[in-house]
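Following: one structure in structure tokens, then a few remarks.
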2 protein chains.
Amino acid sequence: MHLSTNSYNSYIRILKAYELTDFHAQPGNGPLYEQVKHLIVERVVSGVWTPGDRLPSETALAREINVSQGTVRKAMDDLCHENLLVRHQGRGTFVSIHTAQRELYHFFHLAGADGIKRLPQRSDVVSNTRRRANRAEAERLQLPAAAEVIVIKRNRHLDGQPAIIETIVLPATRFVGFERETDIPNELYQRYEEIFGVTIHKVEESLCAVAATRAEAKALGIEPGAPLLEIDRTAETLEGMPVEWRLSRCDSRTHRYLNENV
Amino acid sequence: MHLSTNSYNSYIRILKAYELTDFHAQPGNGPLYEQVKHLIVERVVSGVWTPGDRLPSETALAREINVSQGTVRKAMDDLCHENLLVRHQGRGTFVSIHTAQRELYHFFHLAGADGIKRLPQRSDVVSNTRRRANRAEAERLQLPAAAEVIVIKRNRHLDGQPAIIETIVLPATRFVGFERETDIPNELYQRYEEIFGVTIHKVEESLCAVAATRAEAKALGIEPGAPLLEIDRTAETLEGMPVEWRLSRCDSRTHRYLNENV
DNA sequence: GAGTGGTCTAGACCACAGA
DNA sequence: CTGTGGTCTAGACCACTCT
């Protein structure tokens, strides 16, 4: 029932929600479902719900924060479209986890001549060190000037051939001890999530063509000066903090970068 | 009101819709809103509503096809997310048109070193001919073996410098007389829409790095063999028919290809 | 069978645009 | 002022999953 205006009612309801949930934010004048989205994201970010967890049912959450089930549904629907949640009819709503499938589908764009994507089967780690960030690294990861970073270099194989040379830069404070890791998996984002509680939510990539250096040519078994595809990627958490900078140089004779836009 | 089951009711309702609208399709057992989406797309494809047109209001369309306003809303919401429709509060819902903005935002991915996208200011048409398709072209555009195509070659400038060499292949049957066109604009998709009634809805791009040929090097003012970014694009209509094949080779020293994924 | 999300309806009020 | 989309509610039934 409406007491006076819809907005007023929303305000009251969301206040109750804060009391119940320790959730702190501006007393939001935006739509109710936006505030519900915010609340859900906050609980995921703060670790109340972690990847793989089942959320309360729509009706339960609606009752808890005193809004209608339809409003919770709209909030959850939006977050599903943003890939933060996944729904399973009859089972419930869950916080997304980085399966290899999901990683392949959303964040990996290299495909063979047949247009079918494939993940590297093999990655040889060349080095894994911890040192002070240079200026470019600090800027990319929004770190203070003298902060430490972990730098991993590896060669990845596609279809049995060395195809990608990759340099990965991580902030040392978030990935404590990763420089001592000996078993570095192909799918890093699952590891980030499981071990360090870092969920990669969005990646931005920019591409250009470069000429292979002598060392790169040797590693990839091609001629020095041959054209390579360079992929410069910044990966962000749910909160929008950049937590990985990855520079990949790919032999693009046999593999291509795919992108689709509607 | 529910007569027996929801599905039965839906079936009856959608039958009425067919009678009213000349809309023919399988008597759909899928969700009602999917059938409404289908109906809207059909009307756009068949030209009942064309880009820029205002659709009937949600309530009007709901009344016409005998479903609730909420169901029409869900259908329209989905189609907005798919970029087929745009909504303006207080004004109505419209079929999308290819503005330069939209084209820039959705289909153009080159940006300067600052990460800001820019459209070419200038495009010099090198040639514009009509001839039989070769095998690769026929395959890409799903044309019969001996079909005719229009082939346009042009050099495009970014930030005042020649930066892109482009070859565009179009099926001659859809773009009648385009080979005699002398004024070829930068934003082709708007022209396709206005003159030929062809709306580009989706593009698929695949990228690789290549070495510049002598001719390309000369056109771009770089060294032969220098690395170029090759963008191979297929553009599709709403119905999913490929109607443009575009091969661009870009000087990527000063410009990069951007991509963002959530 | 109980509980979950998926679909559909009906009706309310709000915010915005345009006559 | 009227009509549009935007938000919110309440309640119904369906389809699916698990026990």
Side-chain angles (χ1 to χ4, degrees), chain A residues 1-14 16-17 28-40 53-81 85-96, chain B residues 1-14 16-17 28-40 53-81 85-96:
Chain A
M1 280 295 133
H2 293 285
L3 293 177
S4 55
T5 71
N6 208 322
S7 314
Y8 175 71
N9 231 339
S10 306
Y11 179 68
I12 294 297
R13 269 187 300 246
I14 214 68
K16 286 199 205 155
N29 303 325
L32 251 189
Y33 71 87
E34 285 290 351
Q35 299 177 48
V36 176
K37 280 174 67 174
H38 192 183
L39 179 147
I40 294 172
D53 282 1
R54 202 184 80 175
L55 267 59
S57 74
E58 295 176 351
T59 49
L61 189 56
R63 207 168 36 243
E64 182 201 338
I65 61 181
N66 200 24
V67 301
S68 82
Q69 179 259 359
T71 301
V72 171
R73 162 169 294 268
K74 168 133 179 78
M76 286 183 171
D77 271 351
D78 281 12
L79 293 174
C80 285
H81 281 118
L85 305 178
V86 289
R87 292 176 178 287
H88 296 290
Q89 186 172 7
R91 297 209 289 129
T93 304
F94 302 79
V95 181
S96 292
Chain B
M1 281 294 135
H2 294 284
L3 294 179
S4 55
T5 71
N6 209 321
S7 314
Y8 175 71
N9 231 338
S10 305
Y11 179 68
I12 293 300
R13 269 188 299 246
I14 215 68
K16 285 198 205 155
N29 303 325
L32 251 189
Y33 71 85
E34 285 291 350
Q35 300 178 47
V36 177
K37 281 173 66 175
H38 192 182
L39 180 147
I40 293 172
D53 282 0
R54 203 184 79 176
L55 267 59
S57 73
E58 295 176 354
T59 49
L61 189 55
R63 205 167 38 243
E64 181 200 339
I65 62 181
N66 201 25
V67 301
S68 81
Q69 179 258 357
T71 300
V72 171
R73 163 168 292 268
K74 169 134 179 74
M76 287 184 170
D77 271 350
D78 280 13
L79 294 173
C80 284
H81 280 118
L85 305 178
V86 290
R87 292 177 177 286
H88 295 289
Q89 187 173 6
R91 296 211 286 132
T93 304
F94 301 80
V95 181
S96 292

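Throughout, a chain's letter reflects where its sequence line sits, starting with A, and its residues are numbered from 1.
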| said: What verdict does the side-chain contact (heavy atoms from CB on, under 4.5 Å) test give for A/Gln35 and A/Val67, after you've listed the backbone C-alpha separation in whole Å, the side-chain angles of each residue and the deciding distance to 0.1 Å? | reply: CA-CA 11 Å; A/Gln35 299 177 48; A/Val67 301; over 6 Å; no

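- The side chain of A/Tyr33 places no N or O atom within less than 4.0 Å of a non-bridging phosphate oxygen (OP1 or OP2) of D/dC8.
- Here C/dG18 presents its C1' atom at 11 Å from CZ of B/Phe94, a figure rounded to the nearest Å.
- Using a distance-only test at 3.5 Å, with no hydrogens or angles considered, no donor-acceptor pair links the side chain of B/Arg91 to the main chain of B/Arg54.
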Between protein and nucleic acid, restricted to nucleotides 1-5 of chain D and to nitrogen or oxygen atoms under 3.5 Å apart, what atom pairs and distances do you find?
residue : atom : partner : partner atom : Å
D/dG3   : N2   : B/Gly90 : O            : 3.1
D/dT4   : O2   : B/Gly90 : N            : 3.2
D/dG5   : OP1  : B/Thr93 : OG1          : 3.2
D/dG5   : OP2  : B/Glu58 : N            : 3.0
D/dG5   : N2   : B/Gln89 : NE2          : 3.0

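- Distance CE/B/Met76 to CG/B/Leu55: 5.0 Å, rounded to 0.5 Å.
- A straight line from CG of A/Leu61 to C1' of D/dT9 spans 16 Å, rounded to a whole angstrom.
- Look at CD on B/Gln35: it is 19 Å from P on C/dG6, rounded to the nearest Å.
- Heavy-atom neighbours of B/His88 NE2 from other residues, nucleotides or ligands within 6.0 Å: above the threshold of 12.
- In this entry the distance linking NZ of B/Lys74 with P of D/dT7 reads 15 Å, nearest Å.
- Rounded to an integer number of Å, the gap from A/Leu32 CG to D/dA10 P is 12 Å.
- If you measure from atom CG of B/Asp78 to atom C1' of C/dC8, you get 14 Å, rounded to the nearest angstrom.
- Partners of A/Lys37 under the side-chain contact (heavy atoms from CB on, under 4.5 Å) rule, at least two apart in sequence or in another chain, are A/Tyr33, A/Glu34, A/Ala75, A/Asp78, A/Leu79, A/Glu82.
- For the side-chain hydrogen bond (donor to acceptor under 3.5 Å, both in side chains) test, residues two or more places apart in sequence or in another chain that qualify with B/Glu58 are B/Gln69, B/Arg73, B/Arg87.
- For the pair A/Leu85 CG and C/dT4 P, the interatomic distance rounds to 16 Å; values are reported in whole Å.
- What separates CZ of A/Arg63 from P of D/dT9 is a distance of 15 Å, to the nearest Å.
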